[in-house]
Amino acid sequence: MSYQIREMTIDDYEDIIKMFRETPGISVREADSRDATRVYLQRNPGLSFVAVADARIVGCVMSGHDGRRGYLQHLVVKPEYRKQGIGVGLFTACLDALQKIGIYKTHIFVLKTNETGNNFWRNQGWFLRDEINMYSYNRSENTNA
Ligand SMILES: CC(C)(COP(=O)(O)OP(=O)(O)OC[C@H]1O[C@@H](n2cnc3c(N)ncnc32)[C@H](O)[C@@H]1OP(=O)(O)O)[C@@H](O)C(=O)NCCC(=O)NCCS
């Protein structure tokens, strides 16, 4: 099986949102609306990617940065295309692009219940931050913001 990794554009939105919804362990929120995704891609150009095989999108990853640290989200590969290196290829594309703009350290938030995801990151050499508690504050009336 051969695949290509290319930059994600807003035209990929319908395909990728469908893939997120079908994937246990991935939370889809208001922040994943089409408009919000367009803004995210404009704000973080060249940092989100899709994998294409058999003439369709089979994986994707999004990343951005705050000028200091990188943040990776929504790494997903369709089940029938897993275990062939696409996941590693996708996140490596993000790390390469982030490094080119001077961002060397990147974080990812993974649900504790996502066993596949947690095992994957650990096996790929990412370190678990058990010394940090993450706190969030939601100013939206929408609890799924
Ligand atoms: C996590 C996820 C993106 C990995 O995608 P993937 O394409 O299977 O990833 P890779 O093929 O690059 O690597 C997966 C494993 O296959 C192994 N592998 C890679 N190429 C391989 C090959 N040709 N043959 C056999 N194994 C291979 C890797 O070493 C890796 O092993 P590990 O799981 O022990 O670390 C995928 O499982 C997924 O979409 N999960 C649901 C969403 C999710 O949890 N995302 C992460 C949280 S944000």
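What's counted below: heavy atoms across the whole structure, side chains too, no hydrogens, waters or symmetry copies. Numbering of ligands and ligand atoms starts at 1, following listing order.
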May I ask you to identify the nearest protein heavy atom to atom 39 (O) of ligand 1, giving residue, atom name and distance to one decimal place in Å?
V77 N, 2.8 Å
Among N114, N119, T116, V61, the residue with a heavy atom nearest to atom 44 (O) of ligand 1 is N114
Is it true that R129 and E131 have a side-chain N and a carboxylate O under 4.0 angstrom from each other?
yes
State whether the side chain of Y13 and the backbone N or O of R34 hold a donor-acceptor pair below 3.5 Å, judged by distance alone.
yes
Under 4.0 Å between a Lys/Arg side-chain N and an Asp/Glu carboxylate O for K18 and E22?
yes
Quick one: does F120's side chain get under 4.5 Å of L75's, heavy atoms only?
yes
Atom 48 (S) of ligand 1 [closest protein heavy-atom partner, distance rounded to 0.1 Å]
I108 CD1, 3.8 Å
For atom 45 (N) of ligand 1, the protein heavy atom that lies nearest, with its residue and separation
L75 O, 2.8 Å
So, are R38 and D35 salt-bridged, with charged N and O less than 4.0 Å apart?
yes
Atom 14 (C) of ligand 1: of W121, F120, F20, the nearest heavy atom sits on F120
How far is atom 28 (C) of ligand 1 from its nearest protein heavy atom, and which residue and atom name does that atom have?
Q124 NE2, 4.3 Å
Can a non-hydrogen atom of L111 be found less than 4.0 Å from any atom of ligand 1?
no
Is the side chain of N114 donor-acceptor paired with the backbone N or O of P24 at a distance under 3.5 Å, no angle test?
no
Any N or O on H74 sitting closer than 3.5 Å to an N or O of ligand 1?
no
State the atoms of ligand 1, each with its element, that fall below the 4.0 Å cut-off from a heavy-atom position in V76.
39 (O)
Carboxylate-amine/guanidinium proximity below 4.0 Å for D54 and K78
no
Tell me: protein heavy atom nearest atom 7 (O) of ligand 1, and distance?
G87 N, 2.9 Å
Ligand 1 versus Q84: contacting region, heavy-atom distance under 4.0 Å:
backbone
Following the transitive rule for hydrophobic clusters with a side-chain heavy-atom cut-off under 4.5 Å over Ile, Leu, Val, Met, Phe, Trp and Tyr, establish whether F109 and Y40 coincide in one cluster.
no
heavy-atom search around atom 35 (O) of ligand 1 in the protein gives N123 CB, 3.1 Å
Have a look at ligand 1 and work out which part of V88, if any, has a heavy atom under 4.0 Å from it: side chain, backbone, both or neither.
both
Tell me: protein heavy atom nearest atom 26 (N) of ligand 1, and distance?
K83 O, 3.4 Å
Close side-chain approach of L41 and T9, heavy atoms under 4.5 Å:
no
Keeping the roles fixed (side chain from N119, backbone from N123), state whether a donor-acceptor pair exists under 3.5 Å.
no
What protein heavy atom lies closest to atom 11 (O) of ligand 1? Include the residue and the distance to one decimal.
G85 N, 2.7 Å
Do any non-hydrogen protein atoms sit less than 4.0 Å from atom 2 (C) of ligand 1?
no
Considering only heavy atoms of T23, which atoms of ligand 1 have at least one such atom less than 4.0 Å away?
41 (C), 42 (C)
Is there a continuous path of hydrophobic side-chain contacts, each under 4.5 Å between heavy atoms, that joins Y71 to M8?
no
